[in-house]
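Below is one structure, written out as structure tokens, with a few remarks after it.
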There are 2 protein chains.
Amino acid sequence: MTHRNTVLTIATGLLLSSAITAPAMAEEGMWTFDGFPTAQVQQTYGWAPDQAWLDHARQSSVRLTGGCSASFVSDTGLILTNHHCVASCLYDNSTSAADLLEAGFTANRREEEKPCPGQQAEVVTAITDVTGTVQAAYSGKTGEALTRARDAAIAGIEAENCTDRESTRCQVVTLFGGGQYKLYRYRKYSDVRLVWAPEDRAATFGGDPDNFNFPRYSLDASFLRAYDKGQPVKPEAHLQWNPRAPKADEITFVVGNPGSTSRLWTQSQFAFEREVRLPMTVAILSELRGRLISAMEVSEERQREGLDLLSGIENSLKVYIGRTTALHDPAFTGKLATAETELRSRSAGNAAIGDPWADVSKAVESYRALYLPYRFITPQSDLYSYAQSIVIAAKERSKPNAERLPGYTDSALPLVEKQVLDQRPVYPWLEQLQLSWSLSKAREYLGPDDADTRLLLGQDSPEQLAERLVTNSRLGDAAYRRQLWEGGLAAVEASDDPMIQYALRLEQRERDLRQQVNEAYQGPLAAAGAKLSDARFAAYGDALYPDATFTLRISYGRVRGWTERGNEVPIATTLGGTFERATGNAPFDLAPGFAAHREQIDPTVAYDFVTTNDIIGGNSGSPVIDRDGTVIGAAFDGNIHSLGGNYGYDPVLNRTVVVSTAAVQEALETIYPAPALIAELARR
Amino acid sequence: MTHRNTVLTIATGLLLSSAITAPAMAEEGMWTFDGFPTAQVQQTYGWAPDQAWLDHARQSSVRLTGGCSASFVSDTGLILTNHHCVASCLYDNSTSAADLLEAGFTANRREEEKPCPGQQAEVVTAITDVTGTVQAAYSGKTGEALTRARDAAIAGIEAENCTDRESTRCQVVTLFGGGQYKLYRYRKYSDVRLVWAPEDRAATFGGDPDNFNFPRYSLDASFLRAYDKGQPVKPEAHLQWNPRAPKADEITFVVGNPGSTSRLWTQSQFAFEREVRLPMTVAILSELRGRLISAMEVSEERQREGLDLLSGIENSLKVYIGRTTALHDPAFTGKLATAETELRSRSAGNAAIGDPWADVSKAVESYRALYLPYRFITPQSDLYSYAQSIVIAAKERSKPNAERLPGYTDSALPLVEKQVLDQRPVYPWLEQLQLSWSLSKAREYLGPDDADTRLLLGQDSPEQLAERLVTNSRLGDAAYRRQLWEGGLAAVEASDDPMIQYALRLEQRERDLRQQVNEAYQGPLAAAGAKLSDARFAAYGDALYPDATFTLRISYGRVRGWTERGNEVPIATTLGGTFERATGNAPFDLAPGFAAHREQIDPTVAYDFVTTNDIIGGNSGSPVIDRDGTVIGAAFDGNIHSLGGNYGYDPVLNRTVVVSTAAVQEALETIYPAPALIAELARR
């Protein structure tokens with residue numbers, strides 16, 4: 001649970017050379033489907049997709065609730081995504097006897113396709129503006145009263161618009177920090193199964209050292225299938241599979257769900273990030289990485305069991321370190337400051353806007369005082385996450401929908417329930433490791449004499465407490481989780497499971513802190529966000545894109561290399577290049593499938609390529625679509641320059657990294673043969 | 001080797017409220033003995049020590065080459081220092097059968113006193129100004145030519161003034177960044193033995209969570225003895241042992257060797273620290289901490305073997321994180337900036353000074369480009385350090401003294417030789433862990449395709465290379481090290497030891513990088529440093545203290561608490577408080593000696609106390625001396641506010657933490673009985 005949703009591989013944009021708040025330049029922008037900048041694209045490329053093209057792309061695009069993007073690529077529910085987006089599914093379906101992550105997987109028949117725990121596929125079917133309703137609901141309110149009124153309005157809108165919760169999901173999305181509220185309606189498929197995945201080493205060749213680097217030699221692709229009532233889904237639309245090499249400078253569209261960006265932040269928010277959140281995050285995650293590396297060395301089994309978490313940590317760390325570098329680059333931060341200064345000066349004298357920058361600054365100051373307890377009050381572990389969800393859900397379900405915490409409303413509960421109840425393996429050593437780490441960090445940052453430290457630890461040491469909670473908890477058993485979930489608050493409070501009791505012990509303090517954060521920070525931020533949004537639209541017109549929100553966006557760009565310290569980086573690698581880069585030693589050792597088929601693999605086939613599309617973590621698995629609307633790759637990474645893209649985009653250096661359909665086709669034909677899949681993809 | 005000298009527990013000064021470059025205010029300052037601010041002390045306290053008092057304190061004070069401070073406390077060479085300054089000696093003398101670190105140690109007879117590997121005691125006997133000679137030697141030169149001329153002049157001065165290298169050591173110290181060069185002459189004692197140490201838990205009660213915190217309950221004291229030709233030394237002077245409680249507001253002097261401060265840095269140097277060096281250091285050290293924590297969990301034996309390194313890492317991390325916080329505090333950095341602006345404005349129009357700030361800025365820019373390779377070209381491990389010292393020494397010894405690298409001149413070699421040849425245990429798992437960590441970090445930060453990464457790794461993975469080098473090296477055997485040392489370059493080049501061969505492989509690149517750093521950074525810095533120093537003396541007169549250089553300094557202050565979030569922190573704890581703070585769980589578990597003697601221990605005895613003295617890492621073990629010249633404690637830590645003290649001192653919040661002689665006396669009488677020691681200390 002904990003580590004699944006937070007790990008989104010892709011991030012973008014270290015050095016930005018163009019405007020940040022002003023209308024987006026060149027290829028910058030993660031555009032909503034109801035705000036596509038047709039005129040701008042037409043002007044730049046002499047061509048732009050029409051509404052039918054856009055509708056088809058939207059209907060073919062899939063959000064994976066595990067934190068990735070994807071697309072339908074057949075009329076029988078076949079889904080293309082990244083290997084790293086299905087790694088958890090492979091991991092959850094592995095045992096020490098059969099390591100699917102290492103060996104790869106091919107379902108030769110439908111019945112062999114394997115369920116992916118916690119995974120759900122979602123397709124946007126409608127987007128509606130509900131800004132007026134939401135803003136009217138909180139009008140005149142401030143602080144926590146504002147967030148409560150807003151959340152109640154949202155819960156109401158979602159419940160009214162998706163009464164069929166089996167097959168639809170409604171979500172009100174906050175855009176421009178509160179300037180717009182949009183209702184996204186989804187067709188959802190909660191039965192997602194694994195069809196094909198290459199060996200882990202083929203997908204992660206080069207490992208952490210090559211992550212966010214290019215040239216790259218990674219087969220980061222896999223296939224899933226969506227099912228409905230036990231049958232493969234017939235999607236409303238799908239993308240035609242087009243296994244060809246990319247062409248230099250051709251226009252490309254990336255359609256997917258960028259998770260989160262912070263490009264519209266104010267200076268005080270950047271300062272908090274640079275001074276407080278990033279340094280602490282890098283330090284504590286680095287320690288977890290180290291703890292895990294050594295703990296995995298103990299046995300082959302632990303190597304397997306720890307790999308999924310380790311990859312996630314290393315990926316996140318690289319992102320956070322890249323962001324730190326960006327926010328320590330005076331040229332980069334200078335541009336962020338200039339952009340704010342310009343917007344302030346354009347807004348001067350507009351009484352309706354006032355000074356939202358000062359309001360944000362005040363909110364951030366308040367948050368500084370709350371940040372440590374709020375961050376550390378929730379221990380990190382899958383078992384604790386189960387316990388916490390079960391406890392909170394039991395309490396929230398007994399309340400009217402409009403009064404519940406946002407994650408536990410009628411529209412949100414089905415996914416929570418699925419994620420809690422799906423069967424997944426739990427490894428006690430890994431639970432203990434994460435729990436003792438997070439408790440010891442809480443003690444370190446809060447101090448041993450702090451009241452929250454005492455609440456978290458009592459008289460125990462982190463190690464003792466973690467061992468006792470994990471060893472004696474039954475929450476690894478999905479049947480027991482179901483029993484508590486269905487038993488409601490009475491069952492939960494009667495449970496003698498120590499993890500449940502622990503979650504009950506922490507719950508009130510977590511609520512209190514959340515309430516304080518809403519009162520002093522989130523409430524003021526929502527109010528200021530609406531004003532900042534007004535200021536932007538007044539200053540720059542409506543050709544603006546909102547910060548990423550893990551909802552469907554479209555980015556346009558081109559297949560194009562860049563210049564690295566005077567050297568031209570080519571647009572693509574070839575499969576043959578893999579053999580030149582291999583050293584024989586991890587993580588540069590050839591996948592066995594590659595080694596075994598060296599003679600058969602066509603070395604000239606295009607492998608990974610780069611484009612100027614503007615993406616970020618959450619876009620992993622997004623289809624890369626050509627002018628004709630066919631899919632020519634799956635985006636899986638950004639280059640190293642793109643790591644500051646959270647704060648701003650640089651068209652000169654920022655690149656999206658894509659695995660080509662040509663390479664996947666060659667793999668399906670030669671390395672990990674899947675003739676049925678080839679036939680399905682070839683169908684028109 | 002590697003981790004011993006870098007770990008200096010004490011650091012000082014988070015928030016500074018007074019001037020930084022202007023004449024020192026209140027208790028600020030780590031003064032040289034030839035520049036004691038008598039008038040200032042007289043004015044503040046109505047009394048100041050006279051020259052006899054100062055001479056006696058200097059003659060009684062000891063520098064420990066392991067990275068600590070200490071003092072003679074008997075006429076038979078008894079030395080008082082911190083427990084954490086002898087922890088490595090306890091560790092080096094331990095086996096899995098007899099863990100002296102855990103159990104503590106009392107030598108009942110002289111013959112039982114145990115040698116401390118690598119440790120040497122040094123007493124300053126004379127300080128001479130050699131600024132003119134050194135500056136004349138490099139006059140007209142720049143870059144690396146400057147550093148070479150300077151280093152040759154220094155080597156010459158040191159060699160001329162200490163011809164007896166058995167019992168004396170000469171060291172030219174660079175003060176004010178190159179504004180002054182002073183020759184320090186030492187009486188040295190290279191045979192230092194362990195006399196008494198409490199149990200580790202008594203010294204480290206509260207462990208990392210309580211480190212840099214107060215109130216504190218730590219018996220961080222131990223005794224060593226200096227020997228000369230097999231006999232206990234009769235020092236020229238010693239401090240009278242005075243086992244009494246501290247009195248509120250009484251004047252205290254701390255005499256010791258603060259390791260390093262950066263208070264005279266320019267803005268560009270602070271920026272480099274904040275933007276580059278600190279974030280990287282915290283991230284990679286945090287990972288090492290994590291790797292070690294998990295690796296130690298494998299067995300009781302590893303717990304023992306890894307503890308010394310872990311304590312060092314955790315201590316350093318806390319210091320670096322504290323420094324990061326300080327350099328991210330706008331109030332703090334604002335004062336640093338103001339101080340620079342003031343000095344610049346006072347220096348404006350002085351043509352002889354010019355613009356050294358711009359020169360430093362340019363040097364720092366050049367260093368940014370060299371920093372990564374220069375930092376990562378030297379792998380971290382004790383065995384590698386041995387190999388590197390042996391290889392470089394073999395090459396340098398064949399050159400004339402004036403042409404050698406600074407660390408390998410005639411005056412420097414005896415200590416290097418002692419540190420290489422002293423017998424110490426080496427634990428292969430710990431060597432491998434450090435080596436694979438440092439090699440993998442080199443690859444991460446330099447990139448897998450970097451030429452230096454290829455030089456470091458070849459086709460190997462970090463883990464493989466570390467295993468091969470450590471498993472096959474004989475450098476853990478002191479006899480083999482001696483053989484290579486004495487055999488000189490021929491023996492070194494003929495050796496088939498893989499670690500020696502590896503050090504030979506890296507050596508030229510290390511030299512090249514050092515040369516580039518001297519050319520572009522150290523040379524310009526030395527020239528600019530002299531001008532900045534001139535600017536300071538011209539602006540503020542001569543009541544200035546230089547940045548710390550691990551040479552003898554004296555700080556004055558008072559026994560005084562502070563106000564923490566509205567609460568008064570008392571000046572001292574008592575032994576009885578330990579029992580109240582104990583939870584029974586590590587690191588808050590009672591030392592067995594405390595538990596066993598609970599009834600006998602006088603709970604009212606003063607334990608640890610705080611003073612306003614200005615100290616930093618390297619001061620650990622410094623005697624705290626009262627007005628009468630008697631010793632009333634040993635400084636062992638700073639409070640949490642003091643961690644920014646590297647950059648500036650705050651008299652309001654910054655405190656030195658001291659273990660009182662009263663507590664040590666009670667321990668010697670009641671907990672870890674040592675009647676002979678009590679008698680020796682009581683002698684007048």
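Below, chain A is the first sequence line, B the second, and so on; all start at residue 1.
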**Report entry** Side-chain donor or acceptor of B:Ser294 paired with backbone N/O of A:Ser294 under 3.5 Å
**Finding:**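 Such a contact is absent between B:Ser294 side chain and A:Ser294 backbone.
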Query raised in the report: Under 3.5 Å, is there a donor-acceptor pair between the side chain of B:Asn585 and the main chain of A:Gln464?
Result: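 No, B:Asn585 side chain to A:Gln464 backbone: no donor-acceptor pair under 3.5 Å.
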Pick one of side chain, backbone, both or neither for [X], based on which atoms fall under 4.5 Å of a heavy atom in chain A.
{"X": "B:Ala295", "result": "both"}
{"X": "B:Ile321", "result": "side chain"}
{"X": "B:Leu433", "result": "side chain"}
{"X": "B:Asp460", "result": "both"}

Query raised in the report: Looking at A:Gly584, A:Ser461, A:Ala586, A:Pro209, which one has more heavy-atom pairs under 4.5 Å with chain B than the rest?
Result: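 Top count of heavy-atom pairs under 4.5 Å with chain B: A:Pro209.
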Query - Passing option when B:Glu287 is tested against A:Arg291, A:Glu287, A:Arg289 for side chain to side chain contact (heavy atoms under 4.5 Å, CB included) - result: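 Of all the options given, the one that passes is A:Arg289.
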Report task. Tell me the residues of residues 443-456 of chain A whose non-hydrogen atoms fall below 4.5 Å from those of chain B, in number order. Result ->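 Contacts with chain B: A:Arg443, A:Glu444, A:Tyr445, A:Pro448, A:Asp449.
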Requested in this report: Check side-chain contact (heavy atoms from CB on, under 4.5 Å) between A:Gln267 and all other residues, then give those that pass, not counting sequence neighbours.
Outcome: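 Listed in chain order: A:Phe270, A:Leu336, A:Ala337, A:Glu340.
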Query raised in the report: Hey, what do you get for OG1 (A:Thr333) to CD (B:Glu275), rounding to the nearest 0.5 Å?
Result: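 Between atom OG1 of A:Thr333 and atom CD of B:Glu275 there are 8.0 Å.
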Query raised in the report: Which distance, rounded to the nearest 0.5 Å, do you find between the CG of A:Leu285 and the OG of B:Ser286?
Result: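 Those atoms lie 10.0 Å apart.
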Query raised in the report: chain B heavy atoms under 4.5 Å from A:Ala283: which part of the residue, side chain, backbone, both or neither?
Result: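 Answer is both: backbone and side chain atoms of A:Ala283 are under 4.5 Å from chain B.
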